[in-house]
Structure formats: structure tokens, C-alpha cells
Amino acid sequence: MLFVMVAMGFSVGKVQARLLAMTCFASSEVILLALVIVASSIFSMEFQNQAILTVMYKAPNKLYVYFAKLVTIFIYNLILHLIAMLFTFILTLTPIVSSFSWLAVYQHHQPLIVNMLATTGLDLVTSTFIISLIFLTSCIINSNAVVVTFNIVVIYMGAYVSYHFLLDNAKLAYLLKWNPFNMTNLTQQYYNSAMVQATSLSVFQLTIGTLAYSLLFFALGYLVFRKKRF
């Protein structure tokens, strides 16, 4: 993550320093990639190697196991975002980016520091949505490689799929704009308001939709996990 952040600083740090600061040097996709690999591994690889049997034997029930894994990944997600913010503050003190004031008003009529905190908060929501999807697919599919590949495709192609889905079905756009692939645009739309043309939803609507899908996928994942035979 630090390598990518430094690379972004050298790439556009002199011309888009404030945007880099707002987005924590574009660390979001790296964090999502790390979450996909780690979250997929704690479920799918345990199913593949039958290690889940030992976990289930030592745990009081399946809900305990599922919830414990959820808390673990959420803490991992939170720590990655905190590290990204720490790296951001450090990198903004180096010569690779132009100087600026954290208190200067930037986007949404808010100080830059508020923009960064809001972007990070929304990215936590987006990444939680991805985690919920990982949990669901991991409980359905035992192959770690398939789960990782599928969720990476969702991260990098979800927005593209949703956009063309809406474009090809304009008459039903008022319903189709709530498709789960569209929710992957939440973080990006906050710092790039032009994204509303592709999503047809406001940041608030995307936030509500992302949270709703997260709860739904977590619940479905648990139902599959509860009925799964080991």
C-alpha cells in the first residue's frame, strides 16, 4: 500500500496534491485487494483444507464462528484505513507533493481535512460491502481462487458493468440503478461528483444502498454457513 501511495505521489503529487490527500493517495483499491485476499482465505481456504472442522469443534456454535471472523476482518479493514491516513499525513510533508493547507476549503464546501475523513468513512462503508460479498461467496464456493477472482472482478469491473447495464436498459433505470454493482462507486462519487451521471444516485442514496446490501449479504452468508455441511 505504501509503495502504491508513494508512486501516486511521484505521478501526480505536484498537480493534484489536494485530491491525493483527500483520497489518501488512492489507497482504496489496494486496501480492497488486501481485504479480498485475507477475507477469502479465512473462509474458503479453511473449507478447502478442512481446517474449519477444528474451528467448529472449539467454538460454541456457528454464529460465534461467523461473527468472530466478521469482527476480525472489520478490525483489519479499520487498521488498514488508519495506516493509510497516517501514511498520507507523512507523505504530505515530503517534497513529492505540492504544499497545501489542511484547513483550506476544498470539495463540498468543506475543509480538506474533513474531505479526507469523509472519504475514508465512505470507503469503510464500501469496503464493508465488499467484505459482505466475500463472506457470501466464500460460504457458497469452497475454492479460494474462484472467490478471490470473482471479488477482484467486482472491484475493478463492477462500475463498468453497472454503467452499461443502466445504459442498455434506460427504461428501467429507476430500478436498475439500485443494482449491487452500482454500490462500488460510492467512494469515487464523493470525490468525483461527475460520477452521478453514471450511477444516477446521490452519495446519500449510494450510502444507504451500500449499507442495505452489506446487511443483506452478511445475513445470506450466515444462512448459507449455518446450513453448510463440513
First locate atom [atom1] of [X], then atom [atom2] of [Y], and finally report the distance between them rounded to the nearest 0.5 Å.
| X | Y | atom1 | atom2 | answer |
| --- | --- | --- | --- | --- |
| Ile130 | Ile31 | CD1 | CD1 | 13.0 Å |
| Leu216 | Ser132 | CG | OG | 8.5 Å |
| Thr120 | Leu80 | OG1 | CG | 12.0 Å |
| Gln189 | Thr207 | CD | OG1 | 9.0 Å |
| Met116 | Leu20 | CE | CG | 13.0 Å |
| Leu133 | Thr128 | CG | OG1 | 12.5 Å |

Go through the side-chain N and O atoms of Thr119 and Thr23 and say whether any donor and acceptor fall under 3.5 Å apart.
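Absent: no donor and acceptor within the cut-off.
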Pair Asn115, Gln107: side-chain N/O donor-acceptor within cut-off below 3.5 Å
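No, no side-chain donor-acceptor contact under 3.5 Å.
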Could you tell me whether the side chain of Thr94 and the main chain of Ile90 form a donor-acceptor pair under 3.5 Å?
no
N/O donor-acceptor pair under 3.5 Å between His108 side chain and Tyr190 backbone:
yes
Please name the pair of heavy atoms, one in [X] and one in [Y], separated by the smallest distance, quoted to 0.1 Å.
| X | Y | result |
| --- | --- | --- |
| Val36 | Ile134 | CA-CD1, 3.5 Å |
| Thr187 | Tyr191 | O-CD2, 3.2 Å |
| Ala26 | Met8 | CB-CE, 4.0 Å |
| Phe129 | Pro180 | CZ-O, 3.4 Å |
| Gly221 | Cys139 | O-SG, 3.6 Å |
| Cys24 | Met85 | SG-CG, 3.8 Å |

With the 4.5 Å side-chain cut-off for hydrophobic clustering, are [X] and [Y] part of the same group?
| X | Y | value |
| --- | --- | --- |
| Ile131 | Ile208 | no |
| Val6 | Leu93 | no |
| Leu122 | Trp178 | yes |
| Leu117 | Leu112 | yes |
| Tyr156 | Leu186 | yes |

Donor-acceptor contacts, no H, no angles, side chain residues 65-77, under 3.5 Å, sequence neighbours left out:
unit_1: Tyr66; atom_1: OH; unit_2: Phe218; atom_2: O; d: 2.8
unit_1: Tyr66; atom_1: OH; unit_2: Tyr222; atom_2: N; d: 3.3
unit_1: Lys69; atom_1: NZ; unit_2: Ile42; atom_2: O; d: 2.9
unit_1: Lys69; atom_1: NZ; unit_2: Glu46; atom_2: OE1; d: 2.9
unit_1: Lys69; atom_1: NZ; unit_2: Glu46; atom_2: OE2; d: 3.2
unit_1: Thr72; atom_1: OG1; unit_2: Ala68; atom_2: O; d: 2.8
unit_1: Asn77; atom_1: OD1; unit_2: His81; atom_2: ND1; d: 3.1
unit_1: Asn77; atom_1: OD1; unit_2: Ser127; atom_2: OG; d: 3.2
unit_1: Asn77; atom_1: ND2; unit_2: Ser127; atom_2: OG; d: 2.8

Show every donor-acceptor pair shorter than 3.5 Å between a side-chain atom in residues 95-103 and any protein atom, with sequence neighbours excluded, or say none if there are none.
unit_1: Ser98; atom_1: OG; unit_2: Lys14; atom_2: O; d: 2.9
unit_1: Ser101; atom_1: OG; unit_2: Leu103; atom_2: N; d: 3.2

Mind running side chain to side chain donor-acceptor pair (under 3.5 Å) on Thr199 and Asn182 for me, showing each step along the way?
CA-CA 6 Å; Thr199 65; Asn182 208 14; 4.9 Å; no
Any [X] side-chain heavy atom under 4.5 Å of [Y] side chain:
| X | Y | result |
| --- | --- | --- |
| Leu33 | Ile155 | no |
| Thr92 | Phe25 | yes |
| Phe181 | Met157 | no |
| Arg226 | Leu63 | no |
| Leu124 | Leu78 | yes |
| Leu201 | Met183 | yes |

Val196 and Ser200: CA distance, side-chain angles, deciding distance, side-chain contact (heavy atoms from CB on, under 4.5 Å) verdict:
CA-CA 5 Å; Val196 70; Ser200 300; over 6 Å; no
Given the rule in the side-chain contact (heavy atoms from CB on, under 4.5 Å) test, do Leu82 and Leu86 qualify, once you have shown the distances and angles that lead to the verdict?
CA-CA 6 Å; Leu82 290 175; Leu86 176 61; over 6 Å; no
Take Ser40 and Asn151, measure what side chain to side chain donor-acceptor pair (under 3.5 Å) needs, and give me the verdict at the end.
CA-CA 9 Å; Ser40 299; Asn151 286 286; 4.6 Å; no
